[in-house]
Every structure is written in C-alpha cells, then in structure tokens.
Amino acid sequence: MSVTDVLLPARVSFCPLVDLDTGSVIAVETHPGTAGATPPPLRPSRELDPATGPQARVDPAEDDVRRALRAARATTEAGTQLPLQLLLRTETLAQGQVPLTMLHQGLLDTGRRPQEVLVCMTGGFAPAQRPVVSAALLGLRRAGYLIGFAGFGTVHSPLDLLVDGAPYLVKLDPELARHAVSDPRKSTLVEALVGVAHRLGTHVLAPGVATEDQLVHLRALGVRMMQGPLLAGDDWRPGMRVTVPVLVERAGPSAASHRDQDLGRRVSEFTMPAVTMELTATADQVLNALNDTPGATSVVLVDEQQRPRFTVDRTRFLLRISGAYGHALHAHKPASRLADAPRLVPKTVPAIAALRAAGKESERVYDDLVVIDEIGRCLGIVRVGDLIRSLSP
C-alpha cells in the first residue's frame, strides 16, 4: 500500500499555533481521529500478512509515519496553506533512514514542501540512541524541514541537544506550562528554559493554555507562541479566527533580563514560517492562499531548490488585484508579475542589523524579510514590526 493510500478518519481536530505578538496563526497541528493537543499512545496494530500469518505486527515506526501522513492529508483536505506541525516519536527517528524517507515521500505526495513542515520530536531516548537521533535530525534539517522538540523540560533528552539539533521551536511539557502559574519553582524552570532557548535563537511554544492567568504568566516569562482551548476551541478549523484575550507587555524582573539580551538576539529568534508557493503560481492561486491564511503578510515564491525568488506583499498585491479590471488582467497570469525581489537575510544575522537593513529601502521598509540558510533556502520570514517592537527600549 502506498504511503499516501490512507483513509481519513471520521473526526479530525485542528490546533492552531498562535503568535501572541500579532494574534495570528502561524501553523496548524492536526490530529486525525482525536481531540485535543496530545496524540494517543502508539499501539502497534495487527495486520494479516500472508507470509507470517495473522499475528504479524506492523512496525511501530511505520504506524507513526502513517499517523503523521494522515494529519498532513487532513490539513490538505482543509484547503489551507498554513505551515503544518507534525508530531514524530523519537523511537521513529531512531529507526534510521527508512521511516524518514517514507515520511518525506508521503509529504511530497500531499503537496507539502519541507520548509512548510515543522517536524516535532516527541519523547525521550536512551544515551545509546543519541548518535542515530542526531543523524536523523541533521537529515531532516538538510532536507529543509523545520525541527521542533516536544515535551521540553521533562522528557529524557540531554539539554545540549538544543545545540546539536538546532531546533526552530521547543514545545514545553503541557503540565509544566500549566503549573508554572501556581508553582514558583516550576515558573523558575520555565523562565530558565526560555532564556536558554532565546539565546540559541529558538522559539518556545506553550501548549494546553486554558486560562488567562496562564497566558499572562507565560507571556511574562518570555513565551511568545501558544496553543490551547483559551485560544481556539475543539471546533476550530483553518481559516477561522483565534481568540487572544490579553496581549501583555513583558513586565517585572524577567522582562528586564530579556530586554538586556535584545542587542545580541539573532534574526532566527523572530523567524516565522513562510507561506511559500512555486514560481509558476498564478495571481489567482496567491489570492486564494492569502484568503485562506488571514494572518499571512506575504507569500514567498520559491524555485525547485526552495530558494526564494520573489515575495508578494499582501497589501500591494490586494490593491492591484482588486482594482479596476485587476482580477481580469492578472488572475490567470504568473503572480511574479505583481511581486518584488525578496529581501534576504541569513539566519545568523543579528536582529538589530536586519532592522537597519530593512530601513535602507524607504519604499519597502515594512516588507517582510526572507530568512535563508547557508545554501540560500527559505527558512521563513521576519516581520519588521516584530523587530521594532522587540528592540525598542
């Protein structure tokens, strides 16, 4: 059976990743056949195998990949261009190249490019598995995938994996995040983890946020991305709005400590997943992508090597396409006709340097910056407004 020959379950739940600074959805986590933000425990299923009989078991790693691909297919069926967060168990990564090849091919079959997918590793691992897990993470990064670590702060994995794994995002353990508001010691631990992650240019995500007190407290500790029932209910679907009840400024001693680090922060800390499309995308396809992704401020047009060639600024594009005869003139022609050259910044550039570079072009000063890796592939975008807010005294 093909890796994409998977039936969708009757019930699918979607959980948005929300950027509190803008109140927008930056990615979606999909759970086929489940409700809530945590996938069910993996249980190897039985299949009838003519060679080995009815007692044969499907490889747990294959089951894990199939579950991830069901999530990807469900997201595609929802008709959204939002980047996708997939959960993949550490045991699957430890199986080496075979399950990762299956995942990669299956995602390509769903139309998802690597830079549009955040592969979030869940669970810990034994020290003896460190080399193969590190090699798997390196392989995913080289293929262009964003990397995430889930359960951060409680799973059995070494802290220095943050250096070797170079994740885009770390996802706090839900219980640790929930109790941080009422337990000073756990709050201190969360603040320390956030500080380490920020210094390494990594985002922090708090899942399961259910109350305003939790949101306010975690935001004050420096957590910028959140998930949970407070922001979106079980009936949320891509394209629907999310509820951000309180947008708070960081306050207190912890805020001061974060602001003291601002001048040394890298642009990678502010990088958001980009909405990307092929160079051949038409203006009508870009219009549909922007309509499906209200929080997107731009679309990046990439070549076959995932290198950015053009950026479509949302405001200018909509003005031209909605003007007199705009849709008739442009809809079925390449969107690149209405695009601009991308403003590229390497991921290692200091944020203050990126802000200065943005200010050199007065006509496009607020256009998104496109962050690239060492070989010029698109890693995401940075909103100039985020840089201004974060670097202002």
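Fair warning: this is a prediction, and the values are worked out from it, not measured in the lab. Computed from heavy atoms alone, side chains included, the values below leave out hydrogens, waters and symmetry copies.
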Non-hydrogen atoms of [X] and [Y] that approach each other most closely:
X      : Y      : value
Ala78  : Pro238 : CB-CG, 4.1 Å
Thr75  : Arg112 : CG2-NH2, 3.5 Å
Ala339 : Val312 : CB-CG2, 3.8 Å
Ala94  : Val133 : CB-CG2, 4.3 Å
Val244 : Gly23  : CG2-CA, 4.0 Å
Met277 : Val299 : CG-CG1, 3.8 Å

**Item:** Worked verdict on Thr311 versus Arg343 for side-chain contact (heavy atoms from CB on, under 4.5 Å)
**Value:** CA-CA 8 Å; Thr311 54; Arg343 301 202 297 172; over 6 Å; no

**Request:** Take Val155 and Asp173, measure what side-chain contact (heavy atoms from CB on, under 4.5 Å) needs, and give me the verdict at the end.
**Result:** CA-CA 8 Å; Val155 297; Asp173 174 77; over 6 Å; no

**Request:** Give the intermediate values and the outcome of salt bridge (charged side-chain N to carboxylate O under 4.0 Å, His left out) for residues Asp313 and Arg364.
**Result:** CA-CA 10 Å; Asp313 177 75; Arg364 299 178 58 196; over 6 Å; no

Test of understanding: clusters of I, L, V, M, F, W, Y form through side-chain heavy atoms closer than 4.5 Å, transitively. Do [X] and [Y] belong to the same one?
X      : Y      : result
Leu193 : Ile147 : yes
Val242 : Val28  : yes
Met272 : Val371 : no
Val25  : Leu84  : yes
Leu172 : Val170 : yes

Are the side chains of [Y] and [X] in contact, using a 4.5 Å heavy-atom criterion?
X      : Y      : result
Val370 : Cys378 : yes
Ile381 : Ser298 : yes
His217 : Ser187 : yes
Tyr366 : Ile388 : yes
Pro167 : Leu162 : yes
Val204 : Leu221 : no
Leu159 : Phe152 : yes
Arg316 : Asp367 : yes

Is there a donor-acceptor pair under 3.5 Å between the side chain of [X] and the backbone N or O of [Y]?
X      : Y      : value
Asn291 : Leu287 : yes
Arg337 : His330 : no
Tyr168 : Thr271 : yes
Thr90  : Thr122 : yes
Arg178 : Ala210 : no
Thr110 : Leu107 : yes
Arg314 : Leu290 : yes

So how far is it from [X] [atom1] to [Y] [atom2], rounded to the nearest 0.5 Å?
X      : Y      : atom1 : atom2 : value
Ile352 : Leu387 : CD1   : CG    : 8.5 Å
Leu140 : Leu146 : CG    : CG    : 10.5 Å
Arg113 : Glu304 : CZ    : CD    : 10.5 Å
Leu169 : Ile26  : CG    : CD1   : 7.5 Å
Gln214 : His179 : CD    : NE2   : 9.5 Å
Thr282 : Asn288 : OG1   : CG    : 8.0 Å

**Item:** Check against side-chain contact (heavy atoms from CB on, under 4.5 Å), Leu88 and Leu100
**Value:** CA-CA 10 Å; Leu88 204 65; Leu100 298 184; 4.0 Å; yes

For [X], I'd like to know if atom [atom1] has over 12 heavy atoms of other residues, nucleotides or ligands within 6.0 Å.
X      : atom1 : result
Arg142 : CZ    : no
Gln305 : CD    : yes
Arg241 : CZ    : no

Should [X] and [Y] count as an ion pair when the cut-off is N to O under 4.0 Å?
X      : Y      : answer
Asp373 : Arg141 : no
Arg73  : Glu77  : no
Arg66  : Asp63  : no

**Request:** Go through the side-chain N and O atoms of His203 and Arg224 and say whether any donor and acceptor fall under 3.5 Å apart.
**Result:** no

**Message:** side-chain contact (heavy atoms from CB on, under 4.5 Å), that's the test. Do Leu137 and Phe149 meet it? Break it down for me.
**Reply:** CA-CA 10 Å; Leu137 293 173; Phe149 296 161; 3.9 Å; yes

